[in-house]
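Small disclaimer: the values here were computed from a predicted structure and weren't measured. Residue numbers run from 1 in the order of the sequence given.
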Amino acid sequence: MSEEDNLKLLIWPLMLVAAWIGYGRLVLSESRLMPLLTAHTLKVFDGDASACDFYDDDVQVDIVQEMRQGRWEVEGGKDELCGFLRKSAAGLTLLDANVDAEFADINLQRRGFPWTEATLSYTEHVRISAEKLPEVVFSSQDALLLVRTLTGVKVKALRSRSQQL
């Protein structure tokens with residue numbers, strides 16, 4: 001083998017490792033994750049069944065919503081979460097409600113080498129209005145543990161605490 005062939009054998013693996021690291025940094029960046037989160041939120045409020053595809057099959061869920069009508073708690077996995085999302089979307093559909101959501105206080109922390117996980121935390125402000133009903137406004141503090149897979153990004157854990165304002 002020539003010296004040039006040996007150099008090629010060394011360069012290709014290094015280029016692949018650099019590409020994998022760069023891909024991890026790109027995929028788990030705020031500029032890529034926030035559009036994903038926004039699209040997911042729209043799917044949830046529209047009752048789109050594909051919203052559950054955003055969650056890993058082994059997702060761990062811990063949701064507490066303090067509303068004037070009572071307290072909702074969801075703990076468990078994907079089945080519990082998707083059931084909760086379906087019920088919420090069905091209620092919004094029946095009311096023919098308009099939903100506006102805004103994200104603030106966004107914090108992203110990548111970890112794992114080469115950036116295979118990230119924690120994304122944020123505050124979500126939601127305003128729900130429907131004809132002949134009082135407007136409902138609530139704020140939630142959410143944290144998502146995201147994992148990078150070969151097919152994209154999935155939510156591995158979700159913690160949410162919300163309160164009606």
Side-chain angles (χ1 to χ4, degrees), residues 23-112 115-149 151-165:
Y23 177 70
R25 185 167 178 82
L26 177 68
V27 168
L28 294 176
S29 67
E30 186 176 321
S31 64
R32 290 287 275 250
L33 291 174
M34 291 313 296
L36 278 176
L37 184 60
T38 302
H40 171 323
T41 301
L42 290 173
K43 286 180 179 182
V44 168
F45 290 138
D46 286 343
D48 186 335
S50 70
C52 283
D53 295 343
F54 192 47
Y55 301 99
D56 188 75
D57 289 338
D58 297 326
V59 67
Q60 296 299 309
V61 178
D62 180 14
I63 300 173
V64 176
Q65 285 188 333
E66 299 284 349
M67 305 296 278
R68 290 192 185 111
Q69 300 85 354
R71 178 182 172 114
W72 287 43
E73 293 185 35
V74 180
E75 289 184 350
K78 191 170 183 174
D79 290 341
E80 291 80 8
L81 175 61
C82 292
F84 172 72
L85 295 178
R86 278 191 299 275
K87 288 178 186 175
S88 299
L92 294 172
T93 300
L94 286 173
L95 294 173
D96 193 25
N98 293 317
V99 181
D100 293 312
E102 294 178 8
F103 299 100
D105 306 321
I106 299 163
N107 183 13
L108 175 66
Q109 295 180 339
R110 286 184 294 266
R111 63 177 181 265
W115 296 296
T116 56
E117 293 183 347
T119 300
L120 178 65
S121 58
Y122 53 89
T123 301
E124 183 177 17
H125 302 286
V126 177
R127 183 177 307 276
I128 301 170
S129 57
E131 193 174 313
K132 299 181 183 179
L133 291 174
E135 184 174 77
V136 176
V137 179
F138 65 91
S139 178
S140 67
Q141 303 295 317
D142 301 338
L144 307 174
L145 173 59
L146 303 164
V147 293
R148 180 170 57 129
T149 69
T151 59
V153 176
K154 298 274 187 181
V155 176
K156 186 75 173 171
L158 163 67
R159 183 177 191 279
S160 179
R161 299 291 181 266
S162 62
Q163 179 175 347
Q164 186 172 351
L165 302 177

Any side-chain to backbone donor/acceptor pair from R110 onto L28? Under 3.5 Å, distance only.
yes
Any chance you could lay out the side chain to side chain contact (heavy atoms under 4.5 Å, CB included) test for V126 and F45, step after step, and finish with the verdict?
CA-CA 11 Å; V126 177; F45 290 138; 4.1 Å; yes
Check K154, K78, K156 against D57 for a side-chain hydrogen bond (donor to acceptor under 3.5 Å, both in side chains) and give me the one that passes.
K78
Can you name the closest pair of heavy atoms from L146 and L33 and give their distance?
CD1-CD1, 3.7 Å
Quick one: does R127's side chain have a donor or acceptor within less than 3.5 Å of a partner on E135's backbone?
no
Enter the distance from I63:CD1 to L85:CG here, rounded to the nearest 0.5 Å.
6.5 Å
For residues 96-106, dump all side-chain donor-acceptor pairs below 3.5 Å to protein atoms at least two apart in sequence or in another chain.
from	atom 1	to	atom 2	distance (Å)
D105	OD2	T123	OG1	3.3

Spatial distance of atom OH (Y55) from atom SG (C82) [nearest 0.5 Å]:
7.5 Å
What residues form a side chain to side chain contact (heavy atoms under 4.5 Å, CB included) with A89, not counting sequence neighbours?
none
L120 pairs by side-chain contact (heavy atoms from CB on, under 4.5 Å) with which of D142, L36, L108?
L108
State whether the number of non-hydrogen atoms from other residues, nucleotides or ligands found under 6.0 Å of R111 atom CZ is greater than 12.
yes
Looking at Q65 and W72, would you say the former's side chain and the latter's main chain have a donor-acceptor pair under 3.5 Å?
no
Step by step, work out the side chain to side chain contact (heavy atoms under 4.5 Å, CB included) result for H125 and V137.
CA-CA 7 Å; H125 302 286; V137 179; over 6 Å; no
Which heavy atom of R32 sits nearest a heavy atom of L26, and at what distance?
CG-O, 3.1 Å
With rounding to the nearest 0.5 Å, note down the distance linking NE2 in H40 to CG in D48.
10.0 Å
Distance in Å, F138 CZ paired with M67 CE, rounded so as to fall on 0.5 Å steps:
5.5 Å
Here the gap from L95 atom CG to E131 atom CD, rounded to the nearest 0.5 Å, amounts to 11.5 Å
In terms of heavy-atom contacts, does CD of E73 have more than 12 from other residues, nucleotides or ligands at under 6.0 Å?
yes
Under the side-chain hydrogen bond (donor to acceptor under 3.5 Å, both in side chains) test, which residues partner Q109, sequence neighbours left out?
none
Atom pair CZ (F54) and CG (L144), whose distance is rounded to the nearest 0.5 Å:
6.5 Å
If you measure from the Lys or Arg side-chain nitrogens to the Asp or Glu carboxylate oxygens, is any gap between D62 and R161 under 4.0 Å?
yes
